[in-house]
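A note on names: the letters A, B, ... follow the listed sequences, proteins ahead of strands, and every chain is numbered from 1.
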Amino acid sequence: MKSIADIKAIRDKMQAQIVNRDNKDAEQETRIVVGMATCGIAAGARPVFNELVDQVTSRGLTNVKVTRSGCLGMCKLEPIVEVFVPGEEKVTYVKVDAQKAKDIIARHIVGGQVCTDYLIGEE
Amino acid sequence: MREIALHILDIVENSVKAKASLVEVIIEAKNNLLTVTIRDNGKGMDKEFLARVTDPFTTTRTTRKVGMGIPLLKQAAETAGGTFTITSELGKGTEVKASFVIDNIDRMPLGNVAETAVTVLNPEVDFVWVYTVEDRTFTFDTREVREELGEIPIDSPEIVTFLKSLLTENIESINGGINL
């Protein structure tokens, strides 16, 4: 069974990456924000958040941060995911589920193509 | 909400928004009663606000006048033959406690506690999770993790994925085949 002591190996690997990372890398960080208020949680935001994190980990994406926010004001369109790629306009995905989260990572974050079929107005 | 673990996530988000630096979540299944306690050292509430907090039309938000998290948890507990209490002191923190009768037909499943615990990970807030089934207990304290991590943020995707698998294994072991 895993224990907290097992985290040392991951820490050592990540520490090496941090040493190689400069300020320019930090400015280029992509942020993925999942609405995690009552409305988002009830609509399925938690599995979406976890799928995004798992995809970032399994694909070894080092400059992508997955984070949470409160209610984004469009409760009926939850779960909502906002993507902030430096130098590009914010993209808002609505009614996201785990499969769509996987697609967002593959097509938008890795492939650079916005998933237009998951945008507001297309739901 | 479909799981008690989702209610826990929602209430813990309240603690984080209330600027807590320490949040304790105690889940205990014993003698046919599942009890969930969420305690924080956030900014707390005054008596007047506390008296109205289970009303769905009470919220700290200014954008709209609806706050469903606490009323939904209260309803879920009472529907399952349990109880709900909330105590708070301004400047000291808040404690939310909900109990559920385990074999009540209207009790929702406990759900994925590991996923909830990693979703709320935050470099600025410490969490202590205590998970007990009968006489078996597992404790997860993020202060111990942060000590091991040094400057690496606890909410880094690789760390979150590792901690989820650690929590899942330990919770399954504590459950000992019981599906809560």
Side-chain angles (χ1 to χ4, degrees), chain A residues 1-19 21 26 29-30 32 34-75 79 98 105 109, chain B residues 1-3 5-14 16-17 56 59 61 63-64 66-73 111-112 114-116 118-122 140-142 144-170 172-173:
Chain A
M1 191 159 349
K2 290 185 182 69
S3 75
I4 289 173
D6 298 328
I7 217 161
K8 282 178 186 154
I10 306 171
R11 178 197 63 193
D12 293 345
K13 192 179 132 210
M14 289 181 73
Q15 228 144 18
Q17 288 169 351
I18 286 174
V19 170
R21 194 178 140 132
E29 185 175 76
T30 291
I32 305 175
V34 182
M36 200 66 73
T38 306
C39 48
I41 294 167
R46 191 191 65 189
V48 167
F49 178 91
N50 276 266
E51 184 64 41
L52 290 166
V53 169
D54 288 348
Q55 287 294 314
V56 169
T57 305
S58 63
R59 289 171 176 272
L61 306 176
T62 52
N63 225 5
V64 179
K65 188 166 174 62
V66 185
T67 181
R68 317 182 309 280
S69 74
C71 177
L72 296 163
M74 300 181 285
C75 305
I105 296 290
I109 307 300
Chain B
M1 303 278 182
R2 294 177 184 177
E3 301 175 0
L6 291 174
H7 285 286
I8 296 172
L9 171 59
D10 198 14
I11 303 302
V12 170
E13 289 284 4
N14 288 348
V16 173
K17 282 188 205 109
T59 180
R61 282 193 304 204
T63 46
R64 76 195 68 116
V66 178
M68 299 296 288
I70 287 173
L72 284 174
L73 173 58
N112 197 332
E115 234 184 51
T116 285
V118 297
T119 300
V120 295
L121 287 172
N122 182 326
F140 172 66
D141 188 334
T142 60
E144 291 172 18
V145 180
R146 292 207 304 142
E147 203 170 303
E148 292 289 346
L149 286 174
E151 61 184 311
I152 295 167
I154 196 167
D155 59 347
S156 309
E158 277 172 282
I159 303 297
V160 171
T161 300
F162 169 79
L163 291 175
K164 185 162 63 177
S165 115
L166 178 150
L167 286 164
T168 303
E169 282 182 11
N170 280 280
E172 275 174 11
S173 158

[X] versus chain B, the contacting section by heavy-atom distance below 4.5 Å:
X      : result
D12(A) : neither
V34(A) : neither
S3(A)  : backbone

For the student: nearest non-hydrogen atoms of [X] and [Y], plus distance:
X       : Y      : answer
P157(B) : V56(A) : CG-CG1, 3.6 Å
A45(A)  : G35(A) : CB-O, 3.3 Å
T116(B) : A5(B)  : OG1-O, 2.9 Å
C71(A)  : C39(A) : SG-SG, 3.8 Å

Contact part of [X] toward chain A, heavy-atom cut-off under 4.5 Å: side chain, backbone, both or neither?
X       : answer
L72(B)  : side chain
S173(B) : side chain
L163(B) : side chain
N170(B) : both

Options [options], ranked by heavy-atom pairs under 4.5 Å with chain A, top entry:
options                            : answer
E115(B), K17(B), H7(B)             : E115(B)
R2(B), K164(B), E144(B)            : K164(B)
N112(B), N14(B), I11(B)            : N112(B)
D155(B), V118(B), V160(B), L149(B) : L149(B)

Say you draw a straight line from CE of M68(B) to CE of M1(B); how long is it, rounded to the nearest 0.5 Å?
9.0 Å
As an exercise, state the distance from OG1 of T168(B) to CE of M1(A), rounded to the nearest 0.5 Å.
11.5 Å
Just give me the residue among I4(A), L52(A), N50(A) that pairs up with chain B most often, heavy atom to heavy atom, under 4.5 Å.
N50(A)
Can you tell which of I10(A), I7(A), D6(A) has the highest number of heavy-atom pairs within less than 4.5 Å of chain B?
I7(A)
Inspect the contact between K2(A) and E169(B) and indicate whether a charged nitrogen and a carboxylate oxygen are less than 4.0 angstrom apart.
yes
Quick one, T119(B) with R68(A), criterion side-chain hydrogen bond (donor to acceptor under 3.5 Å, both in side chains). Give me CA distance, side-chain angles, the key distance, then yes/no.
CA-CA 9 Å; T119(B) 300; R68(A) 317 182 309 280; over 6 Å; no
Would you please name every residue forming a salt bridge (Lys or Arg N to Asp or Glu O under 4.0 Å) with E158(B), sequence neighbours left out?
K13(A)
